[in-house]
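Scroll down for the structure; my scribbles are underneath it.
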Amino acid sequence: MLRKEVNDLLTQTDAGTPMGDMFRQYWIPALLASELPKDDCPPVRVKLLGERMIAFRDSKGRYGLMDEFCAHRGVSLWFARNEDGGLRCPYHGWKYDYTGQCVDVPSEPDESGFREKIKLRAYPLVKIGDVLWTHMGDKDNRPPLPTWEFATVPAEQTYTSKRWQECNWLQAMEGGIDSSHVSFLHSGSLKTDPLFKGARGNQYNQNDKKPVFEVVESDGGLFIGARRMAEEGHYYWRITPWVMPSFTMVPPRGDHPVHGHFWIPIDGENCWAWSFDYHPTRALTAEERQAMIDGYGVHNQYVPGTFRPRQNKDNDYLMDREAQKRGESYSGIWGIAMQDASLQESMGPIVDRTKENLVSTDNGIIMARHRLRKAAEALRNKGVEPPGRTPEHQMVRSAARVLPPDQPFKDAMKDDLRVRPGVKQTSV
Amino acid sequence: MASVGPFIDVNHPTLLHGCARAATAAEAKYRVQYPNSRTRSSRIFALDPGAAEAMYAITEDPWNGAHFLTVSNARPVDPAVTAASGLPIAHPDGSTADLLAELEGADVVVLLATRGDNEGAAEVIAREAFGRNIMCAGFALASGQQDTQVDRVVNSMRRFARVLVVARDNDYIPAMLSALRA
């Protein structure tokens, strides 16, 4: 249960809100690099943290992200011409460069200096991996560039997708740290999904549906350990890292690529679910990459030409009750990503947490909310930088391992939970 | 295409509330407004003086019937020879409490510890809770402690708790108890 005022604090991320201020402390994924594939390509509308912006790539390959609307009469610059190093509004020809600076007002004399007084709010847009990242906060307090492993391994080892999720970011993210639902909601997919099936760890998941949890605070967020019974009194551990504010990873299975998510607010009632898969030490196989493109694993299928999932609330997520009865899908929804999203969206755009009844096994979620709230309040009241901004906080991995019963995961798996370049993930 | 009769196709509901599109803020106002749960019965045990100090800081807050109890550390508890009725526990006002009576009707047991030297008491409480199918959660309060000390606390509770949390700050206790409607 969460009081309404705390729920409001955690879920609202528009400019000027405590959580909005906090998200603006980080580099966050803004677009897939493939959305701006070449110089002078069409601009793209972007909405993040309640701000409507336009993204473009100019004639010299420089990325820009700025206020969507022309300073003159408020026209959307999606209609602009991307030419000669800037976006030109088609209405009266005002032109802006990648920094948001107005560089041409045709109706005014060049010598007047008028154009220099016009500047749209703009944010940096930096390509790292398959992703264009932005920092929407104070430029004098910009954190180091992101160092997440999925974005920094060679291109052939990684794949990233994004999808529109029609609910608040927090309830989506809470699914990412809720390890206990896997044995139910995803039980069918563990047997059939090409990016999950075949791992020895899956058997432990299937055989023990009552995991025991250990939640340990880390410098950047949390490690949430789920422990299930393995052979000879040993424990099968699956460790989910959460790094503030909204980065989660799924513990790996066998030699399958490792996957995870960013949960980025679009506005109060919508978010981007970013999903990545990578292998730390080898290229993804053609089959793996095709499976990701086809919507398996943590990825999804799309309404053609959009980032909206093919299964969505307008078609009841293509619920298949017969597949449910046949045991192919526990919930009747196809695909791991949409199994999660369908349920999270069904809660409503912002779930009313005053009505929920959490239990002890939800302590990962409780702790994450607690840390988010504390960090947002410390930032607002004392100017304290929140965790998760620095490379050492970002260099984490998920891991899975079988351990003797007397070994705490936080010690026995300490190295497994850190990025070790050239060393493959620890998995079962 | 699923059909339940000559005219009704469940995949094409007649009204908005009959499909997933009803997951809107506007439709949320039509949700049933009656309470969906009854008051829980929570028992919080501080296993050592440090845990008791952290617990006493919040016992006066408005809780939903949670009972706060301390375990006496006057002498070590040997779980092999200590029956539930013999465990020395007390209410915050110092009056003696009875473990069996406290666990009657309890929904959740929370063990708080800052040290690992009261493992015996934890076992007696957890054993009794297990026998009654009561969920047992353990909280290692790591505020200001070194890793080795925290490990000792965690190891002392691992055998008994279905959930184990290592919290750096004591203010997680009220946050967690509020979330659990204690």
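The parts of A:Glu217 that come within reach of chain B are both its backbone and its side chain, each placing non-hydrogen atoms under 4.5 angstrom from that chain. Only the side chain of A:Asp411 comes within contact range of chain B, with at least one heavy atom under 4.5 Å from a heavy atom of that chain. Interface remark: A:Arg227 contributes side-chain atoms only to the contact with chain B (heavy atom separation under 4.5 Å). Heavy atoms of A:Lys410 lying under 4.5 Å from chain B belong exclusively to its side chain. In this structure, the portion of B:Asn155 lying under 4.5 Å from any heavy atom of chain A is its side chain and not its backbone. Residue A:Leu2: no heavy atom, backbone or side chain, is found under 4.5 Å from chain B. Heavy atoms of B:Ala22 lying under 4.5 Å from chain A are absent altogether. Of the two parts of A:Glu166, neither the backbone nor the side chain holds a non-hydrogen atom closer than 4.5 Å to a non-hydrogen atom of chain B. Contact of A:Thr354 with chain B is made through the backbone alone, with heavy-atom distances under 4.5 Å. Only the backbone of A:Ser346 has a heavy atom closer than 4.5 Å to any heavy atom of chain B.
The shortest heavy-atom contact between B:Ala23 and A:Pro349 is O-CD, 3.4 Å. Summarising the geometry of B:Ala179 relative to A:Leu358, their closest heavy-atom pair is O-CB, 3.9 Å, with the distance given to 0.1 Å. A:Ser360 and B:Leu180 get closest at one heavy-atom pair: N-CD2, 3.9 Å. Taking all atoms of both residues into account, the shortest heavy-atom contact from B:Val165 to A:Met367 is CG1-CE, 3.6 Å. Taking all atoms of both residues into account, the shortest heavy-atom contact from A:Met347 to B:Arg31 is O-NH2, 2.8 Å. Taking both residues in full, the closest heavy atoms of B:Ala175 and A:Ile366 are given as O-CG2, 4.2 Å, listed atom of the first, atom of the second, then distance.
Summarising the local packing, CZ of B:Arg38 is surrounded by 12 or fewer heavy atoms from other residues, nucleotides or ligands at distances under 6.0 Å. B:Tyr56 OH: more than 12 foreign heavy atoms inside a 6.0 Å radius. In B:Glu53, the CD atom is not crowded: 12 or fewer heavy atoms of neighbouring residues, nucleotides or ligands sit closer than 6.0 Å. In A:Lys414, the NZ atom is not crowded: 12 or fewer heavy atoms of neighbouring residues, nucleotides or ligands sit closer than 6.0 Å. Within a 6.0 Å radius of CD in A:Glu232, no more than 12 heavy atoms belonging to other residues, nucleotides or ligands are found.
Between A:His370 and B:Met176, the closest side-chain pair of non-hydrogen atoms is not below 4.5 Å. Between B:Val166 and A:Phe223, every side-chain heavy-atom pair lies at or beyond the 4.5 Å cut-off. Residues A:Val212 and B:Arg158 form no side-chain contact, since every pair of their non-hydrogen atoms from C-beta on lies 4.5 Å or further apart. For the pair A:Lys355/B:Gln33, a side-chain contact is recorded, criterion being any heavy-atom separation below 4.5 Å from C-beta on.
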Salt bridge (charged side-chain N to carboxylate O under 4.0 Å, His left out) assessment of A:Lys374 paired with B:Asp171: CA-CA 10 Å; A:Lys374 278 184 67 173; B:Asp171 61 5; 3.2 Å; yes

Verdict with reasoning, A:Asp314 to B:Arg21, per side chain to side chain contact (heavy atoms under 4.5 Å, CB included): CA-CA 6 Å; A:Asp314 287 342; B:Arg21 276 193 303 245; 2.9 Å; yes

Side chain to side chain contact (heavy atoms under 4.5 Å, CB included) assessment of A:Val359 paired with B:Met135: CA-CA 9 Å; A:Val359 292; B:Met135 167 65 87; 5.9 Å; no

Step-by-step salt bridge (charged side-chain N to carboxylate O under 4.0 Å, His left out) determination, A:Asp219 to B:Arg168: CA-CA 10 Å; A:Asp219 291 338; B:Arg168 288 180 175 175; 3.0 Å; yes

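Contact count against chain B (heavy-atom pairs under 4.5 Å) is highest for A:Val215 among A:Asp352, A:Val215, A:Thr361. The candidate with the highest count of non-hydrogen atom pairs below 4.5 Å against chain B, out of A:Glu345, A:Glu356, A:Arg321, is A:Glu356. Of the listed residues (A:Cys167, A:Gly364, A:Pro405, A:Gly348), the greatest number of heavy-atom pairs within a distance under 4.5 Å of chain B belongs to A:Gly348. Put simply, of B:Ala142, B:Ser37, B:Cys136, B:Ala137, the one with the most heavy-atom pairs under 4.5 Å next to chain A is B:Ser37.
A donor-acceptor pair under 3.5 Å links the side-chain atoms of B:Arg162 to the main chain of A:Lys210, judged by distance alone.
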